[in-house]
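Report on the structure given below.
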Number of protein chains: 2
Amino acid sequence: MSVAELAGLTGASEMTIRRDLEVLADQGVLERYRGGASSLLLRGEEPPFGLRELERPDAKRRIAAEAASLLADGESVVLDSGTTCLEVARSLADRRLTVMPLSLHAANALTGAPQLKLLLPGGEPRPGELALTGPLTEASLAALRFDTAVIGCCGLNAADGLTAYDLADAAVKRAAIASARRVIAVADAAKFSRTALASVAPASALDAVVTEEGAPEEETGALAAAGVAVRKV
Amino acid sequence: MSVAELAGLTGASEMTIRRDLEVLADQGVLERYRGGASSLLLRGEEPPFGLRELERPDAKRRIAAEAASLLADGESVVLDSGTTCLEVARSLADRRLTVMPLSLHAANALTGAPQLKLLLPGGEPRPGELALTGPLTEASLAALRFDTAVIGCCGLNAADGLTAYDLADAAVKRAAIASARRVIAVADAAKFSRTALASVAPASALDAVVTEEGAPEEETGALAAAGVAVRKV
DNA sequence: AAAATTGAACACAAGTTGTGTGTGAAATTC
DNA sequence: GAATTTCACACACAACTTGTGTTCAATTTT
């Protein structure tokens, strides 16, 4: 895509296009070259956090509210990384809970929550995503036992189970699931038609899935048949 | 202090005073009652983070830059909590280092640093301060060995050593010092005339102190006599 | 019951952010 | 090496956000 082409398509000036491309290049979304830029996504990779957060915010908010309603006051919760789980964090701000978020985005959303006991795992924040990963994270999780784990994912279906794009992320999710008595997965409709590289857990490891009305019947039916409580909002 | 009194002193309207008082009350700086508010500081306690960050930012920046210059590329550094250390974090953003910040403020300042390897300890972020404390933090530190620790403090002098207001904080500082080969303290001039509740370490535990020109001669001299390299900027 | 205080709604000013234009410098192409 | 394109800086301008003041009804206090 050339700068002139983008300017023509958007109606913005070339200067604006250049400025925006520079920001996106810094985010790692695209590669800049003289006269234009080429996308670095689209190759089965995950779009960057900033872009994903703009996708269907209303659906995520509804799913998050429903997941939050499944938590009882006083519970201890481990909260996964990702945009949907960040929304869950936001809807937990006024609750009385013990929460361990697995990303700095969620942690920042929860600092200042008056009644919430916030607990951070150690680890290395992945650039952009700010998901905490690595041996420190896994060690922190291994040392604790939570009432509930709220897990996000990149792909989810009965056949492949819960999958993630990033191997380090998948290991953390697995550790979170292992250290929780109850596992709730949050997933919008698009997740059911996707399977990512890293396998996290079979569908049978989940106690409940919160999704939306648009989720394909055959997939949610198969999950229900596997003993997972499916809630559509 | 009554609302009308404050409005008279500042020249602002009562509505503005009320709004500002509400913010400060949320921060825990003061207690609101009908007709006015009373300060919760001034009792030898530490003013809240937001206020401290506005105090002498230029001096902190100079001290931070000097401390940063003492670090060599490639080093592993544990970086304490507090406003001065937050400034150190900012001046580390373009360096090639491994950094473990002990507060979420510093962590947020360093996400996005391209060449920096960021490592987070676990722990509970103290409200406002966002300093990570507790057994998880101490365990994370105990498992690691750093080249250098950059430590802030509430009070520092040759007689009482390095002191902090918060007991949990002091324990974390002690753990950070114990897991580093070299210890650099950063302290503006005011710290030398103050001794806080919790004792962290004797002055002899420090390898270097970075402070400013206004620091009292007798104190810096006593530190130098104890074998501490003192740098004034 | 009367007085004082408060919070909400609206209007307004100031500061911030994003955008466009013009210019000269730098890089690429022929 | 000259011509052309692309880029980056500077400034001007508009849209938006933020903070402030006013008014007014509701609440609390005396």
*Do the side chain of Arg19(B) and the base of dG7(C) come within less than 3.5 angstrom through a donor-acceptor pair of N or O atoms?*
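A donor-acceptor contact between them is absent.
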*Donor-acceptor pair (no angle test) under 3.5 Å: Arg34(B) side chain, dT5(C) base*: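 Such a pair is found, so the answer is yes.
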Can you check the [X] [atom1] to [N] [atom2] distance for me, whole Å?
X: Glu5(B); N: dT5(C); atom1: CD; atom2: C1'; value: 16 Å
X: Ile17(A); N: dT5(D); atom1: CD1; atom2: P; value: 19 Å
X: Leu24(A); N: dG18(C); atom1: CG; atom2: P; value: 13 Å
X: Arg32(A); N: dT6(D); atom1: CZ; atom2: P; value: 11 Å
X: Met15(A); N: dA8(D); atom1: CE; atom2: C1'; value: 6 Å
X: Glu14(A); N: dT5(D); atom1: CD; atom2: C1'; value: 10 Å
X: Tyr33(B); N: dT28(D); atom1: OH; atom2: C1'; value: 16 Å

*From the list dT20(D), dG21(D), dC7(D), which nucleotide is the closest neighbour of the side chain of Asp20(B)?*
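Closest nucleotide among those given: dT20(D).
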*Would you mind telling me which of dT6(C), dT21(C), dC7(D) lies closest to the side-chain atoms of Val3(B)?*
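The answer is dT6(C).
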*Hey, are the side chains of Glu22(A) and Arg32(A) touching, using non-hydrogen atoms and a 4.5 Å cut-off?*
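No, their side chains stay 4.5 Å or more apart.
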*Considering the options Arg56(B), Lys232(B), Lys60(B), which one meets the salt bridge (charged side-chain N to carboxylate O under 4.0 Å, His left out) requirement together with Glu212(B)?*
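So, applying the salt bridge (charged side-chain N to carboxylate O under 4.0 Å, His left out) to Glu212(B) and each of Arg56(B), Lys232(B), Lys60(B), only Arg56(B) qualifies.
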*Starting at the 5' end of DNA chain D, which residue's closest nucleotide do you reach first, Arg18(A) or Ala12(B)?*
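In this pair, the answer is Arg18(A).
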*Might you confirm whether atom CZ of Arg231(A) has over 12 heavy atoms from other residues, nucleotides or ligands at distances under 6.0 Å?*
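Atom CZ in Arg231(A) is not crowded, with 12 or fewer foreign heavy atoms closer than 6.0 Å.
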*Can a donor-acceptor pair be found between the side chains of Thr84(B) and Asp188(B) at a distance below 3.5 Å?*
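The criterion, which ignores hydrogens and geometry beyond distance, is not satisfied for Asp188(B) and Thr84(B).
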*Ignoring backbone atoms, test whether Ser13(B) places a side-chain nitrogen or oxygen under 4.0 Å from the OP1 or OP2 oxygen of dT20(D).*
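No, because none of the side-chain N or O atoms of Ser13(B) sits under 4.0 Å from OP1 or OP2 of dT20(D).
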